[in-house]
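Working notes, beginning with the structure itself.
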Amino acid sequence: SQTSVCFGHYSLTSGGELSEEVKKQLESELMRIQQYAVDITLDPDTANPFLILSDDGKQVYYGKRKNRPDNPERFSETVCVMGKENISVGKIYFEVEVKNKNKWELGVARGSINRKEPISPRLETGPWILMLRNGGDYKAVSVLLSLKSKPQKVGVFVDYEEGVVSFYDVDAAALIYSFTGCNFTEKLFPIFGPCSDDRAPLIITPVSK
């Protein structure tokens, strides 16, 4: 079967602008949530056969298909990989360098996600992801976002009990988007989609607190 390039396609709505006062609040907010930083490593057992992982498990990019065992954990129809670390209580935060890329997907997914069929994210069931298309079209599942600048590094924050997944432009210390009111009932794992047609890597970077 043909391996899909990325996650599914969605309807679009318009995004909004932030006031200076709100931006200042977000800057202090980002500093506060960075204390929940977790050291994330990519899980090679979940990696789609077209994905190349670095030896340290911190970088992933699209490449030539590799012969990998089709174990139950592996994504076979969607070009993505999960992190080894999970969350089922409390809060986590991690940062990913996305510069030099025109397409990517990033967020968290349920551990029970179907890894053998194409994935179409939904607000109710996830995966809860932020994505870039065509070098400038940012979407949070079904919401088209209006960003003033292109994030070079994205911070992902999850508050399990509150049902929140937030994405930040780390350098600008600005909130990009938050999923709120999510009903989490099982373990969530970081998920990374570097996409095809784009050989630059997604890089998990250390968080400077």
Side-chain angles (χ1 to χ4, degrees), residues 6-7 23 26-48 50-63 75 78-87 90-109 121 126-133 135-140 145 147-160 164-179 187-209:
C6 296
F7 291 112
K23 285 177 184 173
L26 291 170
E27 193 162 332
S28 59
E29 174 77 359
L30 181 58
M31 291 176 69
R32 184 182 68 78
I33 66 173
Q34 282 176 327
Q35 68 180 300
Y36 299 107
V38 172
D39 185 19
I40 302 294
T41 305
L42 300 169
D43 184 351
D45 290 340
T46 68
N48 179 278
F50 282 94
L51 293 183
I52 313 296
L53 275 56
S54 61
D55 291 340
D56 64 359
K58 300 296 184 186
Q59 300 190 30
V60 58
Y61 62 94
Y62 185 91
F75 290 95
T78 302
V79 184
C80 60
V81 59
M82 277 181 163
K84 291 180 180 178
E85 295 70 27
N86 65 73
I87 178 174
K91 305 174 179 73
I92 65 165
Y93 175 80
F94 58 96
E95 292 179 353
V96 182
E97 188 177 288
V98 297
K99 68 181 183 182
N100 303 322
K101 290 190 67 62
N102 292 313
K103 287 182 180 179
W104 50 260
E105 294 139 350
L106 184 57
V108 293
W128 296 273
I129 58 171
L130 180 70
M131 65 183 75
L132 170 64
R133 290 287 181 277
D137 297 333
Y138 291 90
K139 289 189 238 175
L145 307 175
L147 304 187
K148 283 186 174 177
S149 58
K150 187 174 181 177
Q152 303 295 294
K153 189 185 288 185
V154 174
V156 183
F157 173 66
V158 181
D159 185 326
Y160 194 91
V164 171
V165 182
S166 296
F167 298 90
Y168 289 84
D169 179 336
V170 175
D171 297 325
L175 177 69
I176 298 172
Y177 189 81
S178 281
F179 295 106
K187 288 179 180 177
L188 302 177
F189 291 80
I191 191 166
F192 307 84
C195 296
S196 61
D197 311 322
D198 186 340
R199 299 300 171 98
L202 287 175
I203 305 172
I204 302 168
T205 57
V207 176
S208 27
K209 303 176 193 176

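Computation of the quantities below employed the complete heavy-atom set of this structure, encompassing side-chain atoms and omitting hydrogens, waters and symmetry-equivalent molecules.
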How close do [X] and [Y] get, heavy atom to heavy atom, and via which atoms?
X      : Y      : result
Pro194 : Leu51  : CG-CD2, 3.4 Å
Trp104 : Leu202 : CB-CD2, 3.8 Å
Tyr61  : Pro201 : CB-CA, 3.7 Å
Glu85  : Ile40  : OE1-CA, 3.2 Å
Phe192 : Leu106 : CD2-CD1, 3.4 Å
Ile176 : Leu147 : CG2-CD2, 3.9 Å

I would like to know whether Phe75 and Ile191 meet side chain to side chain contact (heavy atoms under 4.5 Å, CB included); could you show each step before the answer?
CA-CA 11 Å; Phe75 290 95; Ile191 191 166; 4.0 Å; yes
Does any non-hydrogen side-chain atom of [Y] lie less than 4.5 Å from one of [X]?
X      : Y      : answer
Leu188 : Trp128 : yes
Leu145 : Leu130 : yes
Asp169 : Ser149 : yes

Nearest 0.5 Å, what's the [atom1]-[atom2] distance between [X] and [Y]?
X     : Y      : atom1 : atom2 : answer
Ile52 : Arg199 : CD1   : CZ    : 8.5 Å
Ser54 : Ile204 : OG    : CD1   : 8.0 Å
Asp45 : Asp43  : CG    : CG    : 5.0 Å
Thr46 : Met82  : OG1   : CE    : 7.0 Å
Glu29 : Gln34  : CD    : CD    : 10.5 Å
Tyr36 : Ile92  : OH    : CD1   : 12.5 Å

Using 30° and 60° as the class boundaries, would you call the ring planes of Tyr62 and Phe50 parallel, tilted or perpendicular?
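Parallel: the ring planes of Tyr62 and Phe50 meet at under 30°.
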Salt bridge or not for Glu105 and Arg133, using N-O below 4.0 Å?
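Salt bridge: yes.
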Before accepting this row, confirm whether a basic side-chain N of the pair Lys58/Asp39 lies closer than 4.0 Å to the acidic partner's carboxylate O.
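Yes.
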Can you list the residues that meet the ring pair (Phe, Tyr, Trp, His ring centres under 6.0 Å) rule with Phe189, with sequence neighbours excluded?
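Scan of Phe189 (ring pair (Phe, Tyr, Trp, His ring centres under 6.0 Å), adjacent residues dropped) gives none.
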Quick one, Lys150 with Tyr138, criterion side chain to side chain contact (heavy atoms under 4.5 Å, CB included). Give me CA distance, side-chain angles, the key distance, then yes/no.
CA-CA 9 Å; Lys150 187 174 181 177; Tyr138 291 90; 2.9 Å; yes
Residues which pass side chain to side chain contact (heavy atoms under 4.5 Å, CB included) with Asn100, listed by chain and number, not counting sequence neighbours:
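Partners of Asn100 by the side chain to side chain contact (heavy atoms under 4.5 Å, CB included) criterion, ordered by chain and then number, come out as Ala200.
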Qualifying residues under side chain to side chain contact (heavy atoms under 4.5 Å, CB included), relative to Asp55, sequence neighbours excluded:
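By the side chain to side chain contact (heavy atoms under 4.5 Å, CB included) rule, Asp55 matches no residue at all.
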Whether over 12 other heavy atoms sit under 6.0 Å from Lys99 NZ:
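Not more than 12 within 6.0 Å, no.
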Enclosure of Tyr160 OH (heavy-atom neighbours >12, cutoff 6.0 Å)
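Check passes, neighbour count above 12.
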